[in-house]
There are 2 protein chains.
Amino acid sequence: MVDYDCQCEELHENKIQKAIISMPEDNIIKYISAFFKIMGDPTRIKIINALFDNELCVCDIAEVMNMTHSAISHQLRLLREADLVKYRKEGKVVYYSLNDEHVEQLYELAKIHIIEKRGLNAKILS
Amino acid sequence: MVDYDCQCEELHENKIQKAIISMPEDNIIKYISAFFKIMGDPTRIKIINALFDNELCVCDIAEVMNMTHSAISHQLRLLREADLVKYRKEGKVVYYSLNDEHVEQLYELAKIHIIEKRGLNAKILS
DNA sequence: TGAATATATGAACAATCATTCATATATAAT
DNA sequence: ATTATATATGAATGATTGTTCATATATTCA
């Protein structure tokens with residue numbers, strides 16, 4: 001797989017071994033990256049925002065975002081499958097809310113990172 | 001954009017207004033989702049893992065991951081552009097490392113979420 | 001200067017993804 | 001039972017993305 005060898009193989013042997021030894025299994029990597037991938041879409045980030053301290057049905061979310069019920073429903077399925085949201089059925093209506101506090105924590109932490117690195121001030125991002 | 005109206009518009013008016021008012025601007029949503037999107041790829045998560053408490057050159061990372069230098073270099077460019085990694089040049093060699101502690105914090109928080117929700121135990125994920 | 005090494009990048013291609021459209025399911029109301 | 005409402009889902013499509021291949025840049029060494 002590696003195209004050609006370089007001197008680093010010998011010079012950095014310890015650091016390379018350290019990285020190899022502490023590398024998680026592939027399916028763990030897959031779980032974690034899949035989780036972030038779900039957070040990595042503007043539509044889903046908007047849905048997550050709408051659900052901060054708010055329980056909304058599909059119809060509500062569609063109106064907040066000015067998108068079709070179908071598009072929202074498809075995205076909610078992905079958020080459900082990643083355990084980012086939970087839902088509660090009441091008659092015909094399905095109410096969605098955030099599954100736990102981690103989602104908001106992750107959102108806030110990413111926001112802090114962007115404020116620090118991109119120089120966007122807190123006011124604009126709040 | 002919305003396909004048809006539903007009763008929620010009136011019944012949930014307050015909740016809908018709350019979500020609309022607290023919704024960040026579109027470009028803010030874009031920044032945050034773009035950040036998570038960068039974390040949402042197995043190759044990049046592996047690179048991030050390799051760089052935990054470790055400064056490595058492109059060649060090292062390629063060997064750790066058993067991938068071509070070109071593929072790694074492309075991914076490092078994305079990580080650089082998202083300010084996830086920083087780099088330091090020493091002659092021909094470019095050493096990469098994580099830009100700040102947020103990246104590792106986000107990784108750990110996502111791991112905790114997965115452990116809690118997916119029932120994977122801590123041992124497997126560490 | 002010229003050859004070798006380390007990294008970066010543009011173009012191409014296959015794979016993945018978000019939305020739309022049509023349709024299906026489930027519940028409520030008449 | 002029939003109709004209306006709320007949500008879910010399969011297929012199709014245009015857009016985006018990760019890797020490969022070829023090539024370019026930058027630095028070191030002879």
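Below, chain A is the first sequence line, B the second, and so on; all start at residue 1.
The aromatic rings of B/Phe52 and B/Tyr107 sit perpendicular to each other, their planes meeting at more than 60°, with 30° as the lower class boundary. Ring planes of A/His113 and B/His102: perpendicular class, angle over 60° (limits at 30 and 60°).
If you take CD1 of A/Ile61 and C1' of D/dT7, they are 12 Å apart, rounded to a whole angstrom. Per the geometry, NZ belonging to A/Lys46 stands 16 Å off P belonging to C/dA18, to the nearest Å. If you measure from atom CD of A/Glu9 to atom P of C/dA6, you get 10 Å, rounded to the nearest angstrom. Distance CG (B/Asn66) to P (D/dT20): 10 Å, rounded to an integer number of Å. One interatomic measurement links the two molecules: CG of A/Leu78 to P of C/dT16, which rounds to 15 Å at whole-angstrom precision. Protein atom CD1 of B/Ile72 is 11 Å distant from nucleotide atom C1' of D/dG18, rounded to whole Å. Atom-to-atom, CZ of B/Arg88 to C1' of D/dT27 comes out at 16 Å; the value is rounded to the nearest Å. B/Met67 has its CE atom 14 Å from the C1' atom of D/dC21, to the nearest Å.
The stretch residues 89-98 of chain A touches DNA chain D through A/Lys92, A/Val93, A/Val94, A/Tyr96, each having a heavy atom under 4.0 angstrom from the strand.
Side-chain nitrogen and oxygen atoms of A/Gln75 include at least one within less than 4.0 Å of the OP1 or OP2 phosphate oxygen of C/dT19.
Contact check for A/Phe35 versus A/Leu106: side-chain heavy atoms found under the 4.5 Å cut-off. Annotation: side chain of B/Leu51 is in contact with side chain of B/Ile61 (closest heavy-atom distance under 4.5 Å). Contact of the A/Lys46 side chain with the B/Met23 side chain is registered, since non-hydrogen atoms from C-beta on lie closer than 4.5 Å.
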Could you list, one pair per line, each protein nitrogen or oxygen that sits under 3.5 Å from a nitrogen or oxygen of nucleotides 9-15 of chain C, together with the distance?
residue, atom, partner, partner atom, Å
C/dT9, O4, B/Ser70, OG, 2.7
C/dG10, O6, B/His74, NE2, 2.8

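The shortest heavy-atom contact between B/Leu56 and B/Ala50 is CD1-O, 3.6 Å.
Here C/dC17 is the nucleotide among D/dT7, D/dG18, C/dC17 with the atom lying nearest to any side-chain atom of A/Lys37.
Within the 3.5 Å criterion, the main-chain N or O of B/Lys18 finds a donor-acceptor partner in the side chain of B/Ser22.
Between B/Leu76 and A/Arg44, the residue whose closest nucleotide on DNA chain C is further toward the 5' end is B/Leu76.
Taking CD of A/Glu104 as the start and CG of A/Asp53 as the end, the distance is 6.0 Å to the nearest 0.5 Å.
Under 3.5 Å, the side chains of B/Arg80 and B/Tyr96 contain a donor-acceptor pair of N or O atoms.
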